[in-house]
Number of protein chains: 2
Amino acid sequence: MNVELEPLRIEPGYRKVAAALTERILDRSLPAGVHMPPEIELARQLGVHRSTVREALRELETNGLLERRRGSKRMVVTRPANNAVAEGVRRALSLSDVSFQHVWEAMTMIEPPLAEAAARRHEPASLTALEDAAAQFRAHNADTQVVGRSEAVREVADFFRRLGDCAANPVLILAQEPLLQLLEPSLDAMIDQVPQARARIVTAERRIVEAVRARDAASARDWMAKHIRDFKRGYELAGMSLLQPVG
Amino acid sequence: MNVELEPLRIEPGYRKVAAALTERILDRSLPAGVHMPPEIELARQLGVHRSTVREALRELETNGLLERRRGSKRMVVTRPANNAVAEGVRRALSLSDVSFQHVWEAMTMIEPPLAEAAARRHEPASLTALEDAAAQFRAHNADTQVVGRSEAVREVADFFRRLGDCAANPVLILAQEPLLQLLEPSLDAMIDQVPQARARIVTAERRIVEAVRARDAASARDWMAKHIRDFKRGYELAGMSLLQPVG
DNA sequence: AGCTCATTAATTGTCCGACAATACTACAAT
DNA sequence: ATTGTAGTATTGTCGGACAATTAATGAGCT
């Protein structure tokens, strides 16, 4: 017989510690929001040295299962939502060069049907959040008060996120997140080159909100499609190449 | 004057070390494939203790910028792939309860236009990979030879991944990944309940491949839409609720 | 009691040094 | 050419230490 035995993988201790802690967070025996036990206590319970625990903690930290509240010392258990994907996306895109063309094409595909779903399924709370997001962008980008570029693009992305919440589909929300991660740097490069950009965004968001509120799926889809087309137009008006890499 | 100075964030050393190393990997001054310098050497260069370096290395490791080749001691610089998102998705979904309905709706939105793009833009290499994926599923799921359930669903997901490669849009590939992560457990629960499921998948994949090869975008989209509808039909035939959580 | 402030305890970040286990290398022996 | 051997390099883990800083405690005051 010709048995190919595969190389058994021997994991270092810090990885096992990380796995143990991860499991206890995911199965909620360490519930979200509580303070982590002190490192030395973890070390005692698990029978390893504190350094080993610390290496494991760094793993959980970069995985987003632990976070340190501002200026606080002890770390807090947290459950990552859609932003868990964000880090991964950021890493993945640092390799492959993504152009605005790519981002735009993906948005063209995903956002209009998402707006449609949002119109059909929104609930009072999610609709309110959507309206708030639109109102905030409108207020911050009126003629009299124009907020900084980076904040503006974040608000644009937030509008899409609220729309995802209206659509009430966690899978879509996850799928949308890569686009939004990349939309921000894309818009960032363009928005100040085109004077009328902010005003057009305000209008589009208003129309979309109205359609969603009226549960008019077709109209929501169409206005969203127009909104997305405007992004491309903005690039063309700014004289920027659609193929140049974002970020 | 009313200067509100915001709380400056003092980052711990291990984080700065991680940032420094990350930068040197991303700007390719530490090119992919090379061995990392020894920890003690890094510590010397950066003027910190080895423990601090190690904590930083854990961060890079979980970020996928470093990997340890099987049973090897020194770590190797590497480039993160699309599956960087996978971990994040898995964690995010362990929290919110996702139903097949959600997965199905997202696929309905994303996959048909993706097939369309694949038909338009595939290159010889990516087309070959797509054909191979379809051929592999066909061979493994013929009447005479039926492969295990988990392998079958993985091959189904792989077909979609190859299609994503054909579409040649990294953003779409990233957006699609959450769906595929969730498609596998969804299919896993269904595929053996419906005798004709595998045969129907074989047919659908064949049609899609043919359409893509012929650069017939409309046909690719339509067959993909049919393919996706079949998944839902499979659930109904199996008498399973669309609303029950997957995984 | 409730509040402010000083004092103490607890906790993290970082360091030092050490050692066993093992992967890597060079070289000798079969 | 493979196998064995010795030596080195490197990682994984450990014990302990200490300064800086946050959290907790209690004293004093209203």
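Throughout, a chain's letter reflects where its sequence line sits, starting with A, and its residues are numbered from 1.
Paired with B:L66 under the rule side-chain contact (heavy atoms from CB on, under 4.5 Å), one option of B:T22, B:V76, B:L30, B:L60 passes, and it is B:L60.
The nucleotide whose nearest atom lies closest to any side-chain atom of A:R74 is, among C:dT11, D:dG16, C:dC15, C:dT11. Side chain of A:Y14, nearest nucleotide from C:dG13, D:dT13, D:dT11: D:dT13. Nearest nucleotide to the side chain of A:E55, out of C:dT14, C:dG13, D:dT13: D:dT13.
Look at CD on A:E39: it is 15 Å from C1' on D:dG16, rounded to the nearest Å. Atoms CZ (A:R69) and C1' (D:dT22) sit 16 Å apart, rounded to a whole Å. When rounded to the nearest whole Å, the span between CG of B:L42 and P of C:dC15 equals 14 Å. In this structure, B:H49 places its NE2 atom 7 Å from C1' of C:dG17, rounding to the nearest Å. Look at NZ on B:K16: it is 12 Å from C1' on C:dT14, rounded to the nearest Å. Between the CZ atom of A:R44 and the C1' atom of C:dA10 there is a distance of 16 Å, rounded to whole Å. Summarising the geometry, the separation between CZ on B:R15 and P on C:dG13 is reported as 10 Å, rounded to the nearest angstrom. If you measure from atom CD1 of B:I40 to atom C1' of D:dT8, you get 14 Å, rounded to the nearest angstrom.
Comment: B:E11 does not engage B:K16 in a salt bridge, judged by the lack of any side-chain N to carboxylate O separation of less than 4.0 angstrom. Between A:R138 and A:E205 there is no salt bridge, since no side-chain nitrogen of the basic residue lies less than 4.0 Å from a carboxylate oxygen of the acidic one. Under the 4.0 Å criterion applied to side-chain N and carboxylate O atoms, A:R58 and B:E55 are assigned as salt-bridge partners. One finds a salt bridge joining A:E177 and A:R161 here, because a Lys/Arg side-chain nitrogen approaches an Asp/Glu carboxylate oxygen to under 4.0 Å.
To the nearest 0.5 Å, atoms CG (A:L179) and OG (A:S186) are separated by 10.0 Å.
At D:dG12, none of the side-chain N or O atoms of A:S51 fall inside 4.0 Å of OP1 or OP2 (strictly under the cut-off). A close approach under 4.0 Å does occur between a side-chain nitrogen or oxygen of A:R68 and OP1 or OP2 of C:dG13.
Using a 4.0 Å heavy-atom criterion, one finds that B:R58 contacts the sugar-phosphate atoms exclusively.
Using a 4.5 Å heavy-atom threshold, the side chains of B:F160 and B:M107 count as touching.
No donor-acceptor contact under 3.5 Å links the side chain of A:R54 to the base of C:dT14. Not a single donor-acceptor pair, N or O on each side, falls under 3.5 Å between the base of D:dG16 and the side chain of A:R50.
Over its length, the helix from C:dA1-D:dT30 to C:dT30-D:dA1 turns its helix axis by 30°, as judged from the five terminal pairs at each end, rounded to 10°.
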